[in-house]
Participant: 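Starting off with a structure, shown below.
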4 protein chains.
Amino acid sequence: MINRVVLVGRLVRDPNMRYTQNGVAVTTFTLAVDRPFVGADGDRKADFISIVAWRKLAEIVGENLKKGRQVAVEGRLQSRSYDNRDGQRVYVTEVVADNILFLDSPRGRREDGEAEVAPAAGGSVDPFFDAEEVDLSEDDLPF
Amino acid sequence: MINRVVLVGRLVRDPNMRYTQNGVAVTTFTLAVDRPFVGADGDRKADFISIVAWRKLAEIVGENLKKGRQVAVEGRLQSRSYDNRDGQRVYVTEVVADNILFLDSPRGRREDGEAEVAPAAGGSVDPFFDAEEVDLSEDDLPF
Amino acid sequence: MINRVVLVGRLVRDPNMRYTQNGVAVTTFTLAVDRPFVGADGDRKADFISIVAWRKLAEIVGENLKKGRQVAVEGRLQSRSYDNRDGQRVYVTEVVADNILFLDSPRGRREDGEAEVAPAAGGSVDPFFDAEEVDLSEDDLPF
Amino acid sequence: MINRVVLVGRLVRDPNMRYTQNGVAVTTFTLAVDRPFVGADGDRKADFISIVAWRKLAEIVGENLKKGRQVAVEGRLQSRSYDNRDGQRVYVTEVVADNILFLDSPRGRREDGEAEVAPAAGGSVDPFFDAEEVDLSEDDLPF
DNA sequence: TTTT
DNA sequence: TTTT
């Protein structure tokens, strides 16, 4: 399968971090992704996308991101359904993140200084990246 | 904004082609995107993603794709809401396609022959691609 | 065809803006895309990717971006070859950008103020986006 | 960092599988990715992109793919340089694959039957995918 | 030939 | 139910 999503947007609320019964961290948040041009009514529009992160990524997000913060999110699209309190089946499409890059701090907070700025390496948690492989590709490459 | 999605999957039903009041073609379909590994219950799982195409792409899809057909879909994620017949607000996240590539024919239909095979150039409608630009990049490039 | 690239990185030099003989603007620059972890030698590594932009996007980039500036780049991979001054054929793989989002200003320049900050709507030039379509999808949708 | 590439194309030659001194499998091949429209000269054009796969993915590719086979490739862009036999530094940009999906069989080989068809699950090796997580997201979700 |  |  091929299933890849890349988004840049801002958190519309503080992220929501929880744990499953098995103690696995899960953090969810909604990302506002601006549309480039104004609508017919002259308003700027945005798409509001649900993001889910698991484990270490969930913890980094839950502890470091706040409402208004700009991030790049990479992941895959997932569909899920559940029954709400009225007994109705609700269908959800969300992005399961596997890499989140912290970009600039929220507007009007620039005076808060570096604490608001992206945590360096820790801000990006990339499950693809194999450090060993990188060195291989520069050392004893058979081609 | 950055908002990009790429999926490879199969249509779970025939696509649904309609026209807006202004005569603009819109085609919708659901794509099943397999997850690579089996779930805890030993079943193969898939994500079911709603796709929307407009205009020329809507017509090509509506006239050429059928249930079971494998395609690659490129587009952007869109959130939308509407009120259902019970007066409840329903939130939808779907992919607005801007490029669809027709891959192999539906399972168990291979005997149907070439008619089932991807229409050559017409199968991929890529709004990015500027033929002029391509030639520029091979002709009078100033670098 | 499916051919899509999304990168976030920083310009290693000021961009290079030129015009073809036909007066078409072309801007090129190199993007440094950090690798998430350090190499075997303890050094941070990056990939250096050549980016090409055409026309209106070329002009916006040429006039607004500077060395060190962080951007998100969306585009397609292109291969090209030319003969260098020694008469040898050189093969090049580069990204033809169709959307560039200006992110934060270069480090150590934050005191330069808003002039260094991303131009709002103009900073992102997205050839995909059809404003009409957006409104359609919220107005007279036949589904 | 964000660094993602998705391509659909065909192998222009059989893949080249080797091992590093440490016994790590590396397979390289070139992918032809068609451009959607014809050039000024009326010819169909393509971009030729170098792909590298490591370890298990390298072995699956080396043992199963052949010239002409259509695949979807997901990965990241990497820049690399080496000195050629003339002592000149050569710069290379290639895609390090982390997911390869086998699509239809080579042209003119359709009569070869199912042997030519994609190996089911084994054809796609997706390092992102965490089976456990999938089940979590359907079971004891805290939201 | 590399950015932060 | 929405961010800047």
Participant: Nearest whole Å is fine: how far is F:dT2 C1' from B:Arg89 CZ?
Facilitator: 13 Å

Participant: Could you check if a side-chain atom of A:Val95 sits within less than 4.5 angstrom of a side-chain atom of A:Val73, using non-hydrogen atoms only?
Facilitator: yes

Participant: For C:Asn16 and E:dT3, give me the distance from atom CG to atom P, rounded to whole Å.
Facilitator: 17 Å

Participant: Quick check for you: among F:dT3, F:dT2, E:dT3, whose closest atom lies nearest to any side-chain atom of C:Arg10?
Facilitator: E:dT3

Participant: So do C:Trp54 and C:Lys56 actually touch side chain to side chain, heavy atoms under 4.5 Å?
Facilitator: no

Participant: Nearest to the C:Ala32 side chain among E:dT2, E:dT3, F:dT2, which nucleotide is it?
Facilitator: E:dT3

Participant: Given side chains that start at C-beta, do those of A:Arg10 and A:Arg69 come closer than 4.5 Å, heavy atoms only?
Facilitator: no

Participant: E:dT3 C1' sits how many Å from C:Ile51 CD1, rounded?
Facilitator: 13 Å

Participant: Looking at B:Thr28, B:Leu7, B:Thr30, which one forms a side chain to side chain contact (heavy atoms under 4.5 Å, CB included) with B:Ile51?
Facilitator: B:Leu7

Participant: Rounded to whole angstroms, how far apart are CD on A:Gln70 and C1' on F:dT3?
Facilitator: 10 Å

Participant: To the nearest 0.5 Å, what is the distance between CD on B:Glu74 and CZ on B:Arg4?
Facilitator: 5.5 Å

Participant: Choose from E:dT2, E:dT3, F:dT1 the nucleotide whose nearest atom is closest to any side-chain atom of C:Lys67.
Facilitator: E:dT3

Participant: Just compare E:dT3, F:dT3, F:dT2 and give me whichever is closest to any side-chain atom of C:Asp34.
Facilitator: E:dT3

Participant: From CZ of A:Arg35 over to C1' of F:dT2, roughly how many Å is that when rounded to an integer?
Facilitator: 13 Å

Participant: Just wondering, do C:Phe48 and E:dT2 stack (centres under 5.5 Å, planes under 30°)?
Facilitator: yes

Participant: Round to the nearest Å and state the distance from A:Asp14 atom CG to F:dT2 atom P.
Facilitator: 17 Å

Participant: Report the distance from atom CG of A:Leu7 to atom C1' of F:dT2, rounded to the nearest whole Å.
Facilitator: 16 Å

Participant: Roughly, in whole Å, what's the span from CZ in C:Arg13 to C1' in E:dT3?
Facilitator: 10 Å

Participant: Closest to the D:Tyr91 side chain: E:dT1, F:dT3, E:dT3?
Facilitator: E:dT1

